[in-house]
J.: 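Below: one structure in C-alpha cells.
Computed from heavy atoms alone, side chains included, the values below leave out hydrogens, waters and symmetry copies.
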Amino acid sequence: MPKAFEEGPYRFFFYSNDRDEPIHVHVKRERNVAKFWLDPVQLERSGGFRPAELRTIERIVQANQESLMEEWHGHFND
C-alpha cells in the first residue's frame, strides 16, 4: 500500500489493486478510514471520522490534489 504523504495524524495512501477505479486517495487515522475521489475532490465514504474532521481532511486533499494525482499516475504508470 503506497503511502502518498502524511500530515498531522493522517496518512494518505493508495491500494495497489485500485487501478480500475476512478482516481482517489485513502486516508487513515488510528482506526478511522475515508476515501476521497480526486477529480473532483469529493468524499466517497468514511468510517469513524466526525464531520468536522472530514472537512479538515477534505481541505488537506484539496490543497494537495495536484501532487496526489501525480502520485497516483506515477504509481499506476498512467
J.: How many angstroms lie between atom CD of E30 and atom CZ of F49, to the nearest 0.5 angstrom?
T.: 9.0 Å

J.: Following the transitive rule for hydrophobic clusters with a side-chain heavy-atom cut-off under 4.5 Å over Ile, Leu, Val, Met, Phe, Trp and Tyr, establish whether V27 and M69 coincide in one cluster.
T.: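 Yes; tracing contacts between hydrophobic side chains, which count when under 4.5 Å, links both residues.
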
J.: Who passes salt bridge (charged side-chain N to carboxylate O under 4.0 Å, His left out) against E6, sequence neighbours left out?
T.: K3

J.: Between S16 and H75, which heavy-atom pair has the shortest distance, and what is it?
T.: OG-NE2, 3.3 Å

J.: Say you draw a straight line from CD of Q62 to CG of L38; how long is it, rounded to the nearest 0.5 Å?
T.: 9.5 Å

J.: May I ask you to test the E7-N64 pair for a side-chain heavy-atom distance under 4.5 Å?
T.: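 Side-chain contact under 4.5 Å: yes.
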
J.: Tell me whether I23 shares a hydrophobic cluster with L68, the cluster being built from Ile, Leu, Val, Met, Phe, Trp, Tyr side chains joined at under 4.5 Å.
T.: yes

J.: Identify the heavy atoms of W72 and D18 that sit nearest to each other, and give their distance.
T.: CH2-O, 3.5 Å

J.: According to salt bridge (charged side-chain N to carboxylate O under 4.0 Å, His left out), who are the partners of K35, at least two apart in sequence or on a separate chain?
T.: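 So K35 forms a salt bridge (charged side-chain N to carboxylate O under 4.0 Å, His left out) with E21.
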
J.: Give a yes or no on whether the ring-centroid distance for F12 and H26 is below 6.0 angstrom.
T.: no

J.: Donor-acceptor pairs under 3.5 angstrom involving side-chain atoms of residues 53-61: please list them, not counting sequence neighbours.
T.:
{"from": "E53", "atom 1": "OE1", "to": "R29", "atom 2": "NH2", "distance (Å)": "2.9"}
{"from": "E53", "atom 1": "OE2", "to": "Y10", "atom 2": "OH", "distance (Å)": "2.8"}
{"from": "E53", "atom 1": "OE2", "to": "R29", "atom 2": "NE", "distance (Å)": "2.6"}
{"from": "E53", "atom 1": "OE2", "to": "R29", "atom 2": "NH2", "distance (Å)": "3.3"}
{"from": "T56", "atom 1": "OG1", "to": "A52", "atom 2": "O", "distance (Å)": "3.3"}
{"from": "T56", "atom 1": "OG1", "to": "R59", "atom 2": "NH2", "distance (Å)": "3.3"}

J.: Does Q42 reach the side chain of F36, with side-chain heavy atoms less than 4.5 Å apart?
T.: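 Q42 does not reach F36 side chain to side chain.
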
J.: Find out if a path of hydrophobic residues (ILVMFWY) with successive side-chain heavy-atom gaps under 4.5 Å connects L43 to W37.
T.: no

J.: When hydrophobic residues are tied together by side-chain contacts of less than 4.5 Å, even through go-betweens, does F5 share a cluster with F76?
T.: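 Yes: a chain of side-chain contacts under 4.5 Å links F5 to F76.
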
J.: For the residue pair H24 / D39, report whether a side-chain donor-acceptor contact shorter than 3.5 Å exists.
T.: no

